[in-house]
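For ligands, and for the atoms within them, numbers begin at 1 and follow the listed sequence. In what follows, residues are counted from 1 in the order of the sequence shown.
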Amino acid sequence: MSSSWRRIAATSILAVATLLCSPTANGAPPRRQRARVVKPPPPPPPVLEIPEATRLLVIAPHPDDEVLGAGGLMQRVKATGGTVRVVYLTDGDGYPEGVKEEDHVEAPTARDYLGYGKQRRREAHAALVRLGLGDAFQTFLGFPDGGLCQLTRAYWSERRAAYRSPYTRLNRPPKSEMLVPATQYRGEDLSQEIALVIGDFKPTMIAVPRREDQHADHCAAWYFLNDSLNDVRRVHPEFTTDEINYIVHFNTWPFEDDGPALEPPPGLRGGASGWMRLALTPAETRAKRQALRRFTTQVHVMDWFLDGFARSNEVFSRPRPFRVILPSRRSPCCDQ
Ligand SMILES: [Zn+2]
């Protein structure tokens with residue numbers, strides 16, 4: 001390097017050093033520092049608190065939803081001195097692909113569908129036993145799988161004939177499953193039965209699918225629960241409970257990733273509470289995974305789906321205020 005080049009190089013280095021280290025000519029701090037905005041770290045996601053002696057009622061549209069959505073929550077409630085009751089709105093019998101797979105038949109009969117429903121009820125009991133909840137009260141209401149959304153509007157009251165399941169051919173639950181005598185497949189009757197369970201059990205916390213759940217029966221379950229709560233509060237205005245929502249069907253969720261944690265569904269806001277996490281212990285996650293394996297009829301057709309929910313946490317949200325009026329003029333869930 002020549003001496004003139006050395007001089008130029010030295011001057012350039014000095015100029016850069018001056019720019020980097022000293023205040024600008026007017027004494028203000030360098031531009032880079034001025035532009036820097038220090039953002040506070042995002043707050044940690046809210047956590048679902050479970051008070052001692054919680055009385056948890058889980059509303060499951062089909063056998064397996066209670067474990068998919070709240071298998072960890074149910075274990076935790078029990079472990080902290082609480083009580084769990086599960087209400088199954090349907091027996092999950094209206095599932096042609098499942099029945100064909102299970103019975104190896106091409107055209108299942110009503111009898112096949114009924115047998116499938118019975119099998120799913122047995123599996124639901126085995127699953128709860130695996131969760132350490134063999135003594136939990138399980139109530140099967142026997143309403144029509146795949147037909148709940150229609151009961152929110154067309155098949156609401158006695159003004160027309162009750163809904164008839166295209167699978168089981170029934171238009172009412174079996175007598176052994178009726179809580180209210182003469183119950184038929186009508187929306188009003190389902191609301192009444194759920195209200196009866198709530199009045200009897202007096203839950204301090206109720207877990208039900210979100211109304212945005214894309215399975216029509218799940219969405220309808222939300223409407224029926226909230227309609228029942230309106231009925232309960234008409235008679236017992238002092239009744240309060242903590243309604244939390246879980247979700248099972250939403251686009252491709254929860255398969256956007258296969259990490260150990262269950263992240264809330266992308267694009268779905270966390271309601272009034274934000275998405276609340278319930279962290280599970282490894283033993284709770286293991287029990288949940290094994291409980292899901294008890295639903296053998298479902299393992300045969302969608303084991304990958306069940307496995308996707310056995311992770312290190314569960315997610316819940318509380319609903320924003322929403323006035324439920326049933327029957328609904330439009331069917332809010334049938335187009336899901
Ligand atoms: Zn379901």
Side-chain angles (χ1 to χ4, degrees), residues 57-74 86-99 101-102 113 116-128 131 138-152 165-168 173 177 185 190 194 206-226 244-255 262 265 268 288 291-310 314-317 331-336:
L57 177 67
V58 180
I59 309 279
H62 315 104
D64 76 4
D65 291 319
E66 76 288 21
V67 183
L68 288 168
L73 172 62
M74 291 192 288
V86 186
V87 170
Y88 302 87
L89 304 188
T90 80
D91 290 349
D93 46 27
Y95 187 17
E97 292 76 23
V99 179
E101 175 75 23
E102 207 57 30
Y113 285 113
Y116 191 74
K118 274 191 190 140
Q119 170 74 9
R120 292 193 69 173
R121 287 206 301 266
R122 284 194 293 272
E123 292 168 359
H125 181 67
L128 258 57
L131 294 178
Q138 289 175 291
T139 306
F140 296 91
L141 298 185
F143 269 69
D145 184 11
L148 298 186
C149 80
Q150 308 223 41
L151 307 192
T152 61
S165 164
Y167 307 108
T168 63
E177 293 177 12
Y185 287 169
L190 179 52
I194 299 171
I206 303 181
V208 69
R210 271 183 73 132
R211 71 189 165 95
E212 293 89 348
D213 192 298
Q214 290 167 341
H215 191 303
D217 285 341
H218 288 222
C219 166
W222 186 89
Y223 279 87
F224 278 115
L225 169 69
N226 284 283
I244 58 170
N245 296 159
Y246 63 90
I247 187 150
V248 174
H249 303 281
F250 193 77
N251 297 333
T252 57
W253 188 78
F255 300 97
L262 188 67
L268 184 59
K288 177 172 176 173
L292 286 168
R293 292 261 149 197
R294 301 294 192 269
F295 294 98
T296 49
T297 55
Q298 306 312 293
V299 169
H300 292 161
V301 280
M302 50 161 116
D303 56 344
W304 57 274
F305 185 79
L306 302 180
D307 284 346
F309 286 79
E314 290 175 343
V315 291
F316 300 93
S317 61
S331 275
C333 303
C334 286
D335 300 328
Q336 298 279 47

Notebook entry, point to check: Does Asp213 reach the main-chain N or O of Val248 with its side chain, forming a donor-acceptor pair under 3.5 Å?
Noted result: yes

Checklist line | Set of residues satisfying salt bridge (charged side-chain N to carboxylate O under 4.0 Å, His left out) with respect to Arg294, sequence neighbours excluded | finding: none

Next item on the list: Examine distances only and state if a side-chain atom of Glu101 and a backbone atom of Val301 form a donor-acceptor pair shorter than 3.5 Å.
Entry: no

Notebook entry, point to check: Does Gln138 use its side chain to pair, donor to acceptor, with the backbone of Ala124 at less than 3.5 Å?
Noted result: yes

Next item on the list: Mind checking salt bridge (charged side-chain N to carboxylate O under 4.0 Å, His left out) for Asp145 and listing every partner two or more places apart, or none if nothing turns up?
Entry: none

Next item on the list: Anything protein N/O/S under 2.8 Å from the Zn ion (ligand 1)? Just list residue and atom, please.
Entry: His62 ND1, Asp65 OD1, Asp65 OD2, His218 NE2

Next item on the list: With sequence neighbours excluded, tell me which residues meet side chain to side chain contact (heavy atoms under 4.5 Å, CB included) with Asp303.
Entry: Arg293, Val299

